[in-house]
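Structure first, commentary second.
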Amino acid sequence: MPIQRKDYVMRVLFVEDHPPLAGAVLDALRRAGFSVDHVTTAAEAREIAAMGAFALVILDLGLPDGDGLTLLPQLRNGSRVPVIVLTARDQLSDRLAGLDGGADDYIVKPVEMPELIARCRAVLRRPGDRSAMLLQVGPLTFDTVARHASLGDTPIPLGRRELGVLEQLMRSAGRVAPRAVLEDAIYTLDDEVTPNALDAAVSRLRRALEGVDCPLPIVTVRGIGWMLPREVAA
Amino acid sequence: MTARPLAQVLTRRLALMAGIVVLLNVASVGLYYGTDRRELETEAIEQMTERMSAALEGAALPADAPVRAIFTDHPEAYAFALVDRGGDVLEVMNPALIPPVAASIFADDWVTRLDRPGAPLIVAGHEFTERADGLRMVFVMVGDPAGLLWRAFLTEFYRHVGLPMLPVVVLLIGVNALLIRRGLAPLAAAAAWARSLRPGAPLPPLPEANLPAEVTDLVDATQRALDRLSSALAAETRHAAEAAHALRTPVAVLVARLDSLPPGDTTDRLRADLSALSRTVAQVLASSRADRLELSEDAATDLRAVAQTVTAALATFAFDKGVELSLDAPDHPVPARATAEGVEVALSNLVENAILHGGPGLVEITVGPGPVIRVRDHGPGLPQGAASEMFKPFWRGKRAVPGGAGLGLAIVERTQRGQGGTIEVQSAKGGGTVFVLGYKAPNP
């Protein structure tokens, strides 16, 4: 189910030359509440990027008049606007080139729209970004300022460590949050660190979510970390 | 069969040629002297007079001179007489053989041949002109039991063949071997250069500027072939990228359009169909690239890092299919001689395969010990006779879920073959199937 955010409108620059795909993605982005400017060539993209301030750029790599990776630094032009590369190139070397080239995320087509929108939100919510006040995954809501989580209207009572874990899991919903990332999230809050403090925090969080009948489980991927799915499994 | 160095082959051929020339020469010299008996007799007589001259001290022949041995041993065949200026015989051995007139012939050197029944009688006279006393020798020979003629033949042979030819032949072969070696050195350098060529990689610097024309030609031809190969490779890479784009984009459009459909059973089914289609497209593309992965000499990939990436990437897919993923890896990197791309393709396909066909439950990915990754499911195990068939393209198990193309394991097999790795499958103890990806350790 798509996530709805109505607090304010974000302007997105969408560079994609394939008309049917552009149309379909445009619809989905607009339904998700983004205000989207769409261009089909690198030249147009340079022109419009110079004029307006965008919160995010979604960039196709195979453009009729140039390569997206060459265009990327020109679109940034010194600003810190996040760029998501959306491309059919799926090889590891392509992905590395994209991320090394300064992309904030690299998404291979085809991509489900909820996933695309969630990843757009994720790059918009990088640390230091004031827009990241309210996180939402399915019925779960997390207020990052008030440090408070709720399921629908029901508040979920959580300790500091559990809140830290839940925040990270919601930020990377649909993807695995590595153990190291979660450890960083809880260990900055405490002086005393025990080896299985994270496991204990996850298991307390899991019990708390079950206590309020949360339909989203915390999935263990042993050897990697934990994951909060964006949707309940069919 | 191992190839021998060209320098060695050429040197051997040259030595063989020289050998044949020497043999021909020996044969012709042998034939010449062997058929000219008189020449040999003259030579044999000359040798005898030289020995006699060397043995003479003053006018008399010492009683113990070694030259006497032949006359003592063969009294019926050889005889000599020493005659002074006055015609008096000073010394004689086996006088019966000497015709009486021989002692009174005053000439510096003479030979006469008297044909008799049996062997001819050869009589020769010689004056020792280096002495002032006019001493002469008469030498008689009937037959040749001591082999004086044979000795003369060997001497001739040595003088006319051995002495002039052998040093020249040895010198010729030696100098040629050296020249061949030096001449072939640029070829060895060019071969080393050719060995360092890699398709797609920039050309290494040429060995030397002053290569001989033939080698330059070879180097040029190699370079041209490589250029063509590089452009063909580049074209193929471009085609693969274009194919990827051409196949993925329509799927991407469908996936994006699906989002605007109202939720419901049909939408869910469409979504499942699309995700299967999308996976098949990815597999077809991976299949077209599977054996084009290039493995450089110093390739080293951390299997643990790739396994972490793949496990994390497939966690959502596994969750959707009700499967739990688990990764068991050591605390340290596990290097293998492989490309990260290849390991990722092979492992992704194996884990997807296990998620789809291993039934609900746990899929365990284990890295190490050594450059090995195991993927184990807890499903129904291997079908009868599947182990030999399942890595062929389009093979599908009887219980396989609908929608797959049967490409996954074939891609794994080809990817592994392309980078010198292995893939094995076995039934796991306690049920389920284990797939084992094996790699070589990286070059030190």
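Sequence lines set the chain letters: A, B, ... in the order given, protein chains first and strands last, and positions in each chain run from 1.
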Quiz item: Ala329(B) versus chain A, heavy atoms under 4.5 Å apart: side chain, backbone, both or neither?
Solution: neither
Quiz item: Using a cut-off of under 4.5 Å for heavy-atom pairs, which of Leu362(B), Val251(B), Leu327(B) has the most such pairs with chain A?
Solution: Leu327(B)
Practice problem: Might you point out which heavy atoms bring Ala252(B) and Lys109(A) nearest each other, and give the distance in Å? | Solution: CB-CB, 3.9 Å
Practice problem: Tell me, for Val25(A) versus chain B, whether the close heavy atoms (under 4.5 Å) come from the side chain, the backbone, both or neither. | Solution: both
Quiz item: When you check the gap from the basic side-chain N to the acidic O, do Glu324(B) and Arg222(A) get nearer than 4.0 Å?
Solution: no
Quiz item: In this structure, are over 12 heavy atoms from other groups packed under 6.0 Å from Arg374(B) atom CZ?
Solution: no
Quiz item: Okay, side chain of Arg248(B), backbone of Pro110(A): is any donor-acceptor separation there less than 3.5 Å?
Solution: no
Practice problem: Would you mind checking which part of Pro217(A) comes under 4.5 Å of any heavy atom in chain B, side chain (CB onward), backbone (N, CA, C, O), both or neither? | Solution: side chain
Quiz prompt | Closest contact, heavy atoms only, Met113(A) versus Ala256(B) | solution = CE-CB, 3.6 Å
Practice problem: Counting only heavy atoms closer than 4.5 Å, note whether Glu344(B) contacts chain A via side chain, backbone, both or neither. | Solution: side chain
Practice problem: Show your working on side-chain contact (heavy atoms from CB on, under 4.5 Å) between Val111(A) and Val255(B) and close with a plain yes or no. | Solution: CA-CA 7 Å; Val111(A) 58; Val255(B) 170; 5.9 Å; no
Quiz item: Is Arg257(B) salt-bridged to Asp27(A), cutoff N-O under 4.0 Å?
Solution: no
Quiz item: How far does CZ of Phe319(B) sit from OG1 of Thr220(A), to the nearest 0.5 angstrom?
Solution: 11.0 Å
Exercise. Kindly compute the distance separating CD (Glu112(A)) from CG (Asp259(B)), expressed to the nearest 0.5 Å.
Key: 8.0 Å
Quiz item: Where do Ala24(A) and Val253(B) come nearest, in terms of heavy atoms and distance?
Solution: CB-O, 4.1 Å
Quiz item: How many angstroms lie between atom OG1 of Thr316(B) and atom CE of Met227(A), to the nearest 0.5 angstrom?
Solution: 4.0 Å
Quiz item: At what distance, to the nearest 0.5 angstrom, does CD1 of Ile224(A) lie from CD1 of Ile365(B)?
Solution: 7.5 Å
Quiz item: Taking everything shown except Asp153(A) itself, do over 12 heavy atoms lie less than 6.0 Å from its CG?
Solution: no
